[in-house]
**Student:** 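Sharing a structure here in structure tokens format.
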There are 2 protein chains.
Amino acid sequence: MSEPAPPAAPSSSGDVGARIRADIIAGVHAPGTKLREVALAEQYEVSRIPIREALRSLEAEGLVESRKYSGSIVAPSPVEDAEDLFEIRIVLESATAKRAAKRAAELNASDTPDAKWRELRKEISEILDAGDIVIGQERFEDLAVLNMRFHFAVAELSGSLSFISLLRQISGKIEWLYSLNVTRRGPQAWPEHREIIAAIDAGQEAKAAEVMARHVRRSRDSYFAMMSDTDRPRTT
Amino acid sequence: MSEPAPPAAPSSSGDVGARIRADIIAGVHAPGTKLREVALAEQYEVSRIPIREALRSLEAEGLVESRKYSGSIVAPSPVEDAEDLFEIRIVLESATAKRAAKRAAELNASDTPDAKWRELRKEISEILDAGDIVIGQERFEDLAVLNMRFHFAVAELSGSLSFISLLRQISGKIEWLYSLNVTRRGPQAWPEHREIIAAIDAGQEAKAAEVMARHVRRSRDSYFAMMSDTDRPRTT
DNA sequence: GTTTAGAGTTTTGTATACAACCACTGAGAA
DNA sequence: TTCTCAGTGGTTGTATACAAAACTCTAAAC
């Protein structure tokens, strides 16, 4: 709660928004906390202007809530809308997986090689390999980042900017949620990603959608199982 | 392109963002146009600060695109991602309709009256009635607003803030798109809304989802039919 | 003729200063 | 005691001013 996270790189005030976001996810700024602009400006060593712009972005992401002349507060923990967030992921990501499979089928049919597709596909392979290594070394915090990158890469395979932008919209809360359960769910879930990619590669739209939906559903179940195990960590 | 829309109320610079959004939708700022902050500040008679904040919001909504030190430009016409937007509506709004039906079933089972539900339900009835009147008078521009209000009210019936926030996210583009087709599609589509509400009231989850999906699918088909009729109005 | 280096202009990003507004405290009256 | 209301402190919203980066146009060299 005290320090504003690892100052890490001097970062020159580069993207204060990213740092505040990370601090919210890490719990440095607890849900319900009032985010006073001058205080933040001092903590992050910039003026109020960048702080304000960052708060607007975070508001759009649903990580903070603002009212005119009343300031901003950290949004309630995503635990509150976990059910909703998982359902949203199920419908949106099923759709992206289905689309990606459709595009794969089209590319397989026509023999015109798509540079962007191949590049993305290569990146996904690298992400999957990196995930295997990370699991072997039990560095689960890195797995969280890789997981996000995988799901976004699939979304990009779909080629739909609207879907991507919408997923990015809730990515903050998803990451927030995921970070609570990665140790338990991560290693078990990772191999499922290869199933998803296999269905997409094969151009099987329905299967890709179904596998992705099942994948997210399992994440959801694992999450709620964890929540009932541990003492519910502040639902407020 | 010249005047920045009806100055309407003095509005005190109240919500410049809303005015800029309206102007983008109305075509005052054409897609691809560079939005220079000083120019906007003069047009809307405020300083650059509110302009910048408005641009951030519009960026989050996908109506403008920004790059650091490179400024903002009006996003490409939603015509580009019409297919995506309709698909997103199908999956998201089916989900909200399903949820609303589920809540209705629960409320019917337990006899505890939910004040918020009743209020929303009443508002929907009023919206539907108002729509009938507006259609009778052929004031279709008002229908666009009512249509948006109806779909948001259904989303609110679902009780899921995450879904609502996500729909609000793309509401700008949806409205932009809808405004191109309201005269043709509006009157025909309106009665379908009562079907949707009937399914929700009856607590029939699957049917509510299916009817909503069909409703949006018809909107999509009507839209594309219109697009192939008229000379495609600038796909760039 | 084409390309490249560079200075000048333009535009965005940031800091400081001031105005508008809200929330809270305290006193006074019912 | 409790309710009302005015004053005051503090926080956000906005305007002005300055710094940093990008774009552009010119001119010279290959």
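Within every chain, numbering begins at 1; the chains are lettered A, B, ... in the order of the sequence lines, protein sequences first and strands thereafter. None of these values were measured; they are calculated from a predicted model.
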**Student:** Of the listed nucleotides (C:dC21, C:dT12, C:dA15), which one gets closest to any side-chain atom of A:Tyr69?
**Tutor:** C:dC21
**Student:** When you match B:Ser47 and B:Lys34 each to their closest nucleotide on DNA chain D, which lands nearer the 5' end?
**Tutor:**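 Nearest nucleotide further toward 5': that of B:Ser47.
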**Student:** Grab the CZ-C1' distance between A:Arg48 and D:dT14 for me, whole Å please.
**Tutor:**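 Going from A:Arg48 (CZ) to D:dT14 (C1'), I get 9 Å.
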**Student:** When the distance from CG of B:Leu55 to C1' of C:dG13 is rounded to whole Å, what number comes out?
**Tutor:**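 Going from B:Leu55 (CG) to C:dG13 (C1'), I get 13 Å.
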**Student:** Starting from C1' on C:dT12, measure out to CZ on B:Arg36 and report it in whole angstrom.
**Tutor:** 12 Å
**Student:** Looking for any heavy atom pair under 4.0 Å, which part of the strands does B:Leu35 touch: base, sugar-phosphate only, or nothing?
**Tutor:** sugar-phosphate
**Student:** Using 30° and 60° as the class boundaries, would you call the ring planes of A:Tyr223 and A:Phe86 parallel, tilted or perpendicular?
**Tutor:** tilted
**Student:** Write down the distance between CZ (A:Arg52) and C1' (C:dA15), rounded to a whole number of angstrom.
**Tutor:**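 These atoms are roughly 14 Å apart.
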**Student:** Would you say B:Arg67 reaches D:dC23's phosphate, i.e. side-chain N/O to OP1/OP2 under 4.0 Å?
**Tutor:**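 Checking B:Arg67 against D:dC23: at least one side-chain N or O falls below 4.0 Å of OP1 or OP2.
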**Student:** Think B:Arg99 forms a cation-pi with B:Phe163, using NZ or CZ under 6.0 Å from the six-ring centre and within 45 degrees of its axis?
**Tutor:**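 No, B:Arg99 and B:Phe163 do not form such a contact.
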**Student:** Between B:Ile49 and B:Val38, which is nearer to the 5' end of DNA chain C once each is assigned its nearest nucleotide?
**Tutor:** B:Val38
**Student:** What residues form a salt bridge (charged side-chain N to carboxylate O under 4.0 Å, His left out) with B:Arg52, not counting sequence neighbours?
**Tutor:** A:Glu53, B:Glu37
**Student:** Could you tell me how far apart A:Glu45 (CD) and C:dA15 (P) are, to the nearest whole angstrom?
**Tutor:**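 Nearest whole value for this atom pair: 11 Å.
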**Student:** Return the value, rounded to whole Å, for the distance between atom CD of A:Glu42 and atom C1' of D:dG10.
**Tutor:** 14 Å
**Student:** For B:Val79, is there any backbone N or O sitting under 3.5 Å from a side-chain donor or acceptor partner on B:Trp176?
**Tutor:** no
**Student:** Within 45° of the six-membered ring axis of B:Tyr44 and under 6.0 Å from that ring's centre, is NZ or CZ of B:Arg19 located there?
**Tutor:**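 Relative to the ring axis of B:Tyr44, which defines the angle, B:Arg19 lies outside at least one limit.
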**Student:** Figure out the CD/C1' separation between A:Glu37 and C:dA15, and round it to whole Å.
**Tutor:** 14 Å
**Student:** Start at the 5' end of DNA chain C and walk down; is the nucleotide closest to A:Ser70 or to A:Glu53 reached first?
**Tutor:**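 That would be A:Glu53.
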**Student:** For B:Ile51 and C:dG13, give me the distance from atom CD1 to atom C1', rounded to whole Å.
**Tutor:**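 Distance, rounded to whole Å: 16 Å.
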